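Take a look at the structure below.
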Number of protein chains: 2
Amino acid sequence: MAVITEYKVHDQMLIAVDCIIFGFDGKNLKALLVKRGIEPELGKWSLMGGFVQKDESVEAAAFRVLEVRTGLKDIYLEQLFVFGAMKRDPGGRVVSVAYFALINIDDYSFKLMREHSAKWFDIKRIPPVIFDHKKMILMAKEQLRQKVANHPIGFELLPEKFTLPQLQNLYEAIYESTFDKRNFSRKILSLHILKKLDEKEKSLSKKGAFYYTFDHNKYKKLAKEGLKFI
Amino acid sequence: MAVITEYKVHDQMLIAVDCIIFGFDGKNLKALLVKRGIEPELGKWSLMGGFVQKDESVEAAAFRVLEVRTGLKDIYLEQLFVFGAMKRDPGGRVVSVAYFALINIDDYSFKLMREHSAKWFDIKRIPPVIFDHKKMILMAKEQLRQKVANHPIGFELLPEKFTLPQLQNLYEAIYESTFDKRNFSRKILSLHILKKLDEKEKSLSKKGAFYYTFDHNKYKKLAKEGLKFI
DNA sequence: ACAAAAGTGTTCACTGTACACCCATGT
DNA sequence: ACATGGGTGTACAGTGAACACTTTTGT
């Protein structure tokens, strides 16, 4: 506290983080929302968020919020934007740093979901949310589209093993659009970052579809040159 | 203050803005740095920055800093990233929101430059700077490259009237690379967002090069479909 | 046998890139 | 006349998009 007095003293402002958490159920892209537990706007739907503590970095705060609320560590997290409008939070002057996270929906336990009154919402059917969270969600959606076109982060939303039709469904959900499966598989496979397994997923079709895994090592080698996924 | 007590009270943290200001002198891409006027690190080179006040939005703070330091209003400003590491500023816990700005280098007066001990540095020869400002500058450079490929913001760095060779020089400076002038002019002109004037710039060559201006109206009409500049 | 999803090639248009010469003018 | 930078066209390769039929197997 002694050091900080070298700067002019300012009124209290709080720094918060809010996380847009994306999941994919095999068919639709989802965002995880919680029923807000504090005033103002108690009981309304909200992004998962919390205040940055003095002894943690802003990014660490985002990871902490995610871990406490979902039990998940080591998940994909990316800074999105700072929302710094003066009256965005009627409860006080709060500047919020929005992050978006990608998780494998199966890793998120129903137990925690109940405990935190959390719920997955189809990205196309987001209910009314507090403050400027709607803007955050829209921005995250857009950023996800941008990012996923050139970076191998879509895999974060899928199980370790996945099929090409599953991967295509994911991309179609993200872009709210459809792709030709011949062109799609050719393009994805030509990147040489997927490893085909000798095993088929059989529950979704009679013929069954081969499983693939994302090959992190191959990707790292190729990444420097820049890949185009879509 | 009454309202804010609804939130748990936190230790003091300050929110700052830092601006990476780009300019173009016809040949090289430049960034504007200032000799820092306060402790710590007084006298070292630094980005232009300042603290966010309680009665202004974060973005407004960035505009304020720019106006006070450069005298310029209505300039292109874009949020870059939040730097929120715990010990980034040894003077206290300061979370900084970095912005990058594009200005026409001729609009920046030498008078203000002296008053603020500011100086333009070639982007390829940035001197040692305080804190994490080096990272901010590198990130801004990268973001500028990304953005300028798909958005008509390069023109912000040029005078109202400019020639195709000048525009090409700008892109070459940004990408630290060279382009074929036939391909470059064909691509740019095919966007139909430049208006050719009946006037030539004569000081840089004997033949003279035609001036162009950016046609904001035409651009707006085309923008929705998405343009590729490079 | 048939329904349902998986898998697989070819053609065509377009876009990006490589490349070289003439033009206008000030000295 | 010549030196300097401005302006222009063509050919080729690579990429993206459209498009339909066969395969497998559970019922």
Side-chain angles (χ1 to χ4, degrees), chain A residues 25-28 145-146 148-150 158-159 161-213 222 225-230, chain B residues 25-28 145-146 148-150 158-159 161-173 175 177-213 222 225-230:
Chain A
D25 67 359
K27 195 80 186 165
N28 293 300
R145 285 182 188 181
Q146 298 291 334
V148 94
N150 299 294
L158 293 170
K161 299 187 295 188
F162 53 86
T163 66
L164 284 186
Q166 281 169 353
L167 185 62
Q168 180 168 350
N169 285 342
L170 169 61
Y171 275 83
E172 291 182 341
I174 291 174
Y175 288 101
E176 291 175 21
S177 157
T178 57
F179 301 110
D180 181 277
K181 62 178 174 177
R182 287 161 291 188
N183 293 337
F184 182 83
S185 76
R186 186 170 345 101
K187 206 184 299 187
I188 293 291
L189 293 176
S190 73
L191 300 172
H192 302 295
I193 54 170
L194 294 187
K195 198 156 50 184
K196 190 175 185 173
L197 304 183
D198 260 341
E199 191 189 349
K200 280 187 167 186
E201 131 70 41
K202 305 279 291 179
S203 75
L204 295 168
S205 72
K206 290 159 184 172
K207 186 176 178 183
F210 280 105
Y211 276 121
Y212 289 81
T213 54
L222 296 167
E225 298 142 42
L227 300 178
K228 287 201 70 173
F229 287 75
I230 290 294
Chain B
D25 67 1
K27 194 80 186 163
N28 293 300
R145 285 182 186 180
Q146 297 291 335
V148 94
N150 300 295
L158 293 170
K161 298 187 296 188
F162 52 86
T163 66
L164 285 186
Q166 281 169 354
L167 185 62
Q168 182 169 349
N169 285 341
L170 169 61
Y171 274 83
E172 291 182 342
Y175 289 100
S177 157
T178 57
F179 301 110
D180 181 278
K181 62 180 173 177
R182 289 161 292 189
N183 293 337
F184 182 82
S185 76
R186 188 176 337 106
K187 205 185 298 189
I188 294 290
L189 293 176
S190 73
L191 300 173
H192 302 296
I193 54 169
L194 294 187
K195 199 157 52 185
K196 190 177 188 174
L197 304 183
D198 260 341
E199 192 189 350
K200 279 188 167 184
E201 131 69 41
K202 306 279 292 178
S203 75
L204 296 168
S205 72
K206 291 161 185 173
K207 183 175 177 181
F210 280 105
Y211 276 120
Y212 288 80
T213 55
L222 296 167
E225 298 141 42
L227 299 178
K228 287 201 71 174
F229 287 75
I230 288 296

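Sequence lines set the chain letters: A, B, ... in the order given, protein chains first and strands last, and positions in each chain run from 1. Please read these numbers as outputs of a predicted model, since none were measured by experiment. All heavy atoms count here, side chains included; hydrogens, waters and symmetry mates do not.
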[N] base to [X] side chain: any donor-acceptor pair below 3.5 Å?
| X | N | value |
| --- | --- | --- |
| A:K181 | C:dA6 | yes |
| B:R186 | D:dT10 | yes |
| A:K207 | C:dA6 | yes |
| B:R182 | D:dG7 | no |
| B:K206 | D:dT4 | no |

Exercise. Pick base, sugar-phosphate or nothing for A:L164, based on heavy-atom distances below 4.0 Å to the nucleic acid.
Key: nothing

Quiz prompt | Any A:K187 side-chain N or O less than 4.0 Å from OP1/OP2 of D:dA17 | solution = yes

Roughly, in whole Å, what's the span from [atom1] in [X] to [atom2] in [N]?
| X | N | atom1 | atom2 | answer |
| --- | --- | --- | --- | --- |
| A:L227 | D:dT15 | CG | P | 13 Å |
| B:I188 | D:dG7 | CD1 | C1' | 16 Å |
| B:N183 | D:dG6 | CG | C1' | 16 Å |
| B:F210 | D:dG5 | CZ | C1' | 14 Å |
| B:Y211 | D:dG6 | OH | P | 12 Å |
| A:E172 | C:dA5 | CD | P | 14 Å |
| A:F229 | D:dG16 | CZ | P | 13 Å |
| B:Q168 | D:dG5 | CD | C1' | 12 Å |

Self-check item: Pairing of A:R145 and A:E176 as salt bridge, 4.0 angstrom limit
Solution: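 A salt bridge links A:R145 with A:E176.
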
Quiz item: Taking NZ, NE, NH1 and NH2 as the nitrogens, is one of them in B:R182 or B:D180 under 4.0 Å from a carboxylate oxygen of the other?
Solution: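 Yes, B:R182 and B:D180 are salt-bridged.
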
Quiz item: 5'-most contact on DNA chain C: A:K196 or A:L204, nearest heavy atom basis?
Solution: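 Result of the comparison: A:L204.
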
Practice problem: For A:D180 and for A:G208, locate the closest nucleotide of DNA chain C by heavy-atom distance; then report the residue assigned to the nucleotide nearer the 5' terminus. | Solution: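 The answer here is A:G208.
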
Quiz item: In terms of the angle between their ring planes, are A:Y171 and A:Y175 parallel, tilted or perpendicular, with boundaries placed at 30° and 60°?
Solution: parallel

Quiz item: Where each residue is assigned the nucleotide of DNA chain D containing its nearest heavy atom, which of A:K200 and B:S185 is assigned the position nearer the 5′ end?
Solution: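 Between the two, 5'-proximity favours B:S185.
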
Practice problem: Search all heavy atoms of B:E201 against all heavy atoms of B:T163 and return the closest pair with its distance. | Solution: CB-CG2, 3.6 Å

Exercise. May I ask you to check whether B:Y211 and B:F162 place their ring centres under 6.0 Å from each other?
Key: no

